[in-house]
Amino acid sequence: MTAVPASHQRALARRIIIDLAAMTAIGVFLAIIGPFGSIAAPLAERLVTWIGFAWLGYACYRPMQSVAAWGERALALPRWGVLAAAVLVGTVPMTFAVIAVNSLPSGGLHWPSFEVLAGTYFSVLVIGGAVTVLFNLVQGTPRAEVPAPAPLHSSPPMPQPAPPPAPSAPPVAAPPPHPLLDQLPAEIGSAIIALEMEDHYVRVHTMLGSALVLMRMRDAVALLGDLEGMQVHRSWWVARAAVEDAAREGRNVRLRLARGIEAPVARAKIAELRDARWI
């Protein structure tokens, strides 16, 4: 069973709003500098055009970001290589959108010549690729706040000469808050077997199910404490006790875990896993 936290939709809406605000700022900047000959148009027209193109670009390129994250996670491919391929693909619909918008003042749509198509594709690729690289370099994932340690208790009072009355049983202390486990639904338990990065989230796999947590991978791994395991891939951390088998497909290695989960192993980690007698 897969459970999604109640805050997932709110966090996703917040991310989209922040992204669109950033794209609006990029559109304003492009309108001011007027690249690719657009400086000849009035400023108001440039603002409408470039902000519109920025929002269109977000609609075309943002899904490609998720595809690239999936390719890196599921196929163990290099992140920037998959992202570059995704940008090349995302530029295709964006190119036709730009050509369609630019054709409206001329009185209708028509199939562009190869020179127009290639020139527009290159122009869109330059801007779209630059914005995508910028987003991946500066866009961070919210860090889960780790609660401050509780203050130390004072020393017990000195015993009185007279014997005190028999004390009542002390109340059972509540377990301290845990920034990772406290976000998991109760029905999937707390026996963590793997962590899987999904875009800006971490999917926590347990023996009973999985749930998404809004947290960076390295922060989630740091919260596992002394649970024995290893980050076998940029997108996967695996508990050693959960490994049931290892499968090879050519030069690729995948760890088979409980509940039928398979985790890809980065090639740089294969020797380390072999030395640790995981495989």
Side-chain angles (χ1 to χ4, degrees), residues 2-33 35 46-75 77 79-101 121 123-145 179-180 182-185 195-204 210-220 234-235:
T2 299
V4 179
S7 61
H8 176 69
Q9 292 183 350
R10 292 195 300 271
L12 180 60
R14 180 176 179 272
R15 172 63 61 188
I16 292 176
I17 292 173
I18 293 174
D19 288 348
L20 289 179
M23 295 306 299
T24 300
I26 292 173
V28 172
F29 172 75
L30 292 173
I32 292 174
I33 65 174
R46 299 201 306 270
L47 284 170
V48 172
T49 301
W50 281 110
I51 293 176
F53 283 156
W55 283 42
L56 272 175
Y58 182 79
C60 292
Y61 288 107
R62 186 61 184 86
M64 293 294 102
Q65 180 89 2
S66 299
V67 172
W70 171 85
E72 177 194 11
R73 182 178 65 254
L75 305 178
L77 296 174
R79 173 178 175 78
W80 287 101
V82 179
L83 193 60
V87 170
L88 291 173
V89 174
T91 302
V92 174
M94 185 60 191
T95 298
F96 284 103
V98 170
I99 291 175
V101 171
Y121 181 89
S123 300
V124 172
L125 180 62
V126 169
I127 296 179
V131 172
T132 300
V133 170
L134 180 65
F135 262 64
N136 278 268
L137 290 177
V138 305
Q139 188 179 61
T141 305
R143 180 187 297 269
E145 296 184 0
L180 179 59
D182 290 352
Q183 299 187 59
L184 302 181
L195 302 177
E196 178 186 4
M197 186 172 67
E198 291 190 13
D199 204 358
H200 298 293
Y201 295 83
V202 171
R203 181 172 294 280
V204 182
S210 66
L212 287 173
V213 175
L214 185 59
M215 186 179 294
R216 291 187 295 190
M217 173 64 85
R218 66 168 176 262
D219 295 330
R234 185 181 182 277
S235 302

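Small disclaimer: the values here were computed from a predicted structure and weren't measured. Side-chain atoms are counted along with the backbone in the values below, which use heavy atoms only and exclude waters and symmetry mates.
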Identify the heavy atoms of [X] and [Y] that sit nearest to each other, and give their distance.
X	Y	answer
His200	Leu214	O-CD1, 3.5 Å
Met217	Met197	CE-N, 3.5 Å
Ala220	Leu180	O-CD2, 4.0 Å
Val87	Gly129	CG1-CA, 4.0 Å

| said: Pair Tyr58, Ile16 - check side chain to side chain contact (heavy atoms under 4.5 Å, CB included), show working. | reply: CA-CA 10 Å; Tyr58 182 79; Ile16 292 176; 3.9 Å; yes
| query | Are the side chains of Val202 and Leu212 in touch, meaning some heavy atoms are under 4.5 Å apart? | reply | no
Taking side-chain contact (heavy atoms from CB on, under 4.5 Å) as the test, write out the residues that go with [X], two or more places apart.
X	value
Ala54	Met23
Ile51	Thr24, Val28, Trp55
Ile17	none
Pro93	Cys60

| Pairwise distance OG(Ser210) to CG(Leu195) - rounded to 0.5 angstrom | 11.5 Å
| task | Taking side-chain hydrogen bond (donor to acceptor under 3.5 Å, both in side chains) as the test, write out the residues that go with Tyr121, two or more places apart. | result | none
| request: May I have the step-by-step check of side chain to side chain contact (heavy atoms under 4.5 Å, CB included) for Trp50 and Ile127, ending in yes or no? | output: CA-CA 11 Å; Trp50 281 110; Ile127 296 179; 3.7 Å; yes
| note | Applying ring pair (Phe, Tyr, Trp, His ring centres under 6.0 Å) to Phe96 and not counting sequence neighbours gives Trp111
